[in-house]
Protein chains: 2
Amino acid sequence: MGNKGTALEVIPGAVVRRLPRYLTQTQYLRQQGVEWVSSASLAEALGLTSSTVRQDLSYIDFKGVAKRGYGTGGLEKVLARTLGVDRDVRCVLVGAGNLGRALALHEEFVRQGFKIMGVFDNHPSVVGKKIGRFVIKGMNEMADFVREQQVGIGIVSVPHAAAQAVADQLVAAGARGLLNLTTAHVHAPDTVSVVDARILASLRELAYAVKDI
Amino acid sequence: MGNKGTALEVIPGAVVRRLPRYLTQTQYLRQQGVEWVSSASLAEALGLTSSTVRQDLSYIDFKGVAKRGYGTGGLEKVLARTLGVDRDVRCVLVGAGNLGRALALHEEFVRQGFKIMGVFDNHPSVVGKKIGRFVIKGMNEMADFVREQQVGIGIVSVPHAAAQAVADQLVAAGARGLLNLTTAHVHAPDTVSVVDARILASLRELAYAVKDI
DNA sequence: CTTATAACGTTAAATATTTAACCATAAACA
DNA sequence: TGTTTATGGTTAAATATTTAACGTTATAAG
């Protein structure tokens, strides 16, 4: 494959899920002053084969150099551009429970370009309260806010039963991607991507691996 | 395939990752008073095909009934047993930052059988402080604690740079599974499973989907 | 009791993902 | 300046996953 000029090709899902990890590792190396990284060393760091790494990187518009590897500076830049994290990505957070609060306070996301524009919750007793620099807004304000602020991503951190309704509202308001942190499955039209980060499901998956101790 | 009596067969990773979701949905249905669920309806709820559902459930020791589907009560029980969540699973949480705090306070995990036995952190200023019912312990106490309490799962919620060292300590102390919430990749021997729930990586994956708004 | 059929279970085909193999190239060095 | 070689790029094979197809079976209805 390989990319001629602009990225017209569709990158397989499995590859897209690894690109953020290459970015993290490349960023880390560059910050350590490392200028070159080989496919073998990336593979070792991320638990992959060098073949997978080379094939994955063939999807992005960046060439390695024989006998050296990939320049960390350039690779970081192109990975960020490919993923769309070379500029701020605007998010809203819905659900100001423990998890939502933790995410709102997690400065790392902001450093990485994910800008939480607003925090929303349905519960009257928390609306108006503050989480760090955010004043929690009511759900009735969400749709207009998403439209006006041109929010791309909605982070869904509400109870199971509320997840789909919140997702629907976010989609209707124009969100193009949803991060689903709930235990529920969230349906969305093809034009909207949903990525799941279900911690309970991950724990249960682990329980299977751990069960015959 | 199909399981003759006890579970001797290896269940493919892709299937294991879906079993928790079947469990969540089945639990939900049973709590709603629904007694039977078809592969088509499970598929619809979880965004899969009915064929995938039937094939997945063929790996567990449970049979559906023609013209009815799967009995929710029985299915829930067998899924829980297969995953190993039909009894308490003992965990420790390492890293008492915002995310760790949120998880420690999240009662849902306890309700689902994941019992956090202790919370550990390296930072002297937080050791001794409380998070809910937990008193944060220092890392020096961790290894003995994991051994004595027969902890199976370690939840790693520390900064990137500390992740591997914490993982190594957990493995050395006898943990059999790690939930990695950090941006780092964590290496572990084959006897220890690592499941990742990387929120930043998920956001970056979404950014790719969202980027050409 | 017999028949029709909704749903499962299973096989096999299709697709997606990962890995191995090998060619091409640019750097390092004699 | 030529030679060696480490490393990327690419193709194709191997593997894993998903889906379709269809026979089987137990239920429900007549």
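A quick note: this is a predicted structure, and the numbers were derived from the prediction, not measured. By convention in this document, chain letters (A, B, ...) are assigned in the order of the sequence lines, proteins followed by strands, and residues within each chain are numbered from 1.
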Just how far, in rounded Å, is [atom2] of [N] from [atom1] of [X]?
X: B:Trp36; N: C:dA6; atom1: CH2; atom2: P; result: 17 Å
X: B:Tyr22; N: C:dC8; atom1: OH; atom2: C1'; result: 14 Å
X: A:Lys63; N: D:dT7; atom1: NZ; atom2: C1'; result: 14 Å
X: A:Glu35; N: D:dT7; atom1: CD; atom2: C1'; result: 18 Å
X: B:Leu42; N: C:dC8; atom1: CG; atom2: C1'; result: 13 Å
X: A:Asp56; N: D:dT11; atom1: CG; atom2: P; result: 16 Å
X: A:Leu19; N: C:dT17; atom1: CG; atom2: P; result: 13 Å

Quick one: does A:Ile131's side chain get under 4.5 Å of A:Leu93's, heavy atoms only?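 The answer is no; the side chains never approach within 4.5 Å.
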Output the single nucleotide from [options] whose closest atom is nearest the side chain of [X].
X: A:Arg54; options: D:dT10, C:dC8, D:dT17; result: D:dT10
X: B:Gln55; options: C:dT19, D:dA26, D:dT19; result: D:dT19
X: A:Arg18; options: C:dT18, D:dT19, C:dT17; result: C:dT18
X: B:Ser39; options: C:dC8, D:dT27, C:dG9; result: C:dC8
X: B:Lys67; options: D:dT27, C:dA27, D:dT25; result: D:dT27
X: A:Tyr70; options: D:dG9, D:dT27, C:dA6; result: D:dG9
X: B:Thr49; options: C:dT19, D:dG8, D:dT19; result: D:dT19

Examine the side chains of A:Arg198 and B:Thr24 and answer whether a donor and an acceptor come within less than 3.5 Å of each other.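 There is no such pair between these side chains.
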**Report entry** With B:Val92, the side chain to side chain contact (heavy atoms under 4.5 Å, CB included) member among B:Val146, B:Val156, B:Ile116
**Finding:**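 The option that passes is B:Val146.
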Within the pair [X] and [N], is there a side-chain N or O less than 4.0 Å away from OP1 or OP2?
X: B:Thr52; N: D:dT18; answer: no
X: B:Tyr59; N: C:dT10; answer: no
X: B:Arg68; N: D:dT25; answer: no

Original post:
Can you check whether A:Ala80's main-chain N or O pairs, donor with acceptor, with B:Arg204's side chain at less than 3.5 Å?
Top reply: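 Checked: no pair found.
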What do the steps show when you test A:Arg54 against A:Ser50 for side chain to side chain donor-acceptor pair (under 3.5 Å), and what is the final call? CA-CA 6 Å; A:Arg54 289 199 299 281; A:Ser50 65; 3.3 Å; yes
Most 5' of A:Leu48 and A:Ala66 on DNA chain C, judged by nearest nucleotide |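 Closer to the 5' end of DNA chain C: A:Leu48.
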query = Which part of the nucleic acid, if any, lies within contact of B:Ser38, taking any heavy atom under 4.0 Å across all strands shown: a base, the sugar-phosphate backbone alone, or nothing?
reply =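 It contacts sugar-phosphate atoms only.
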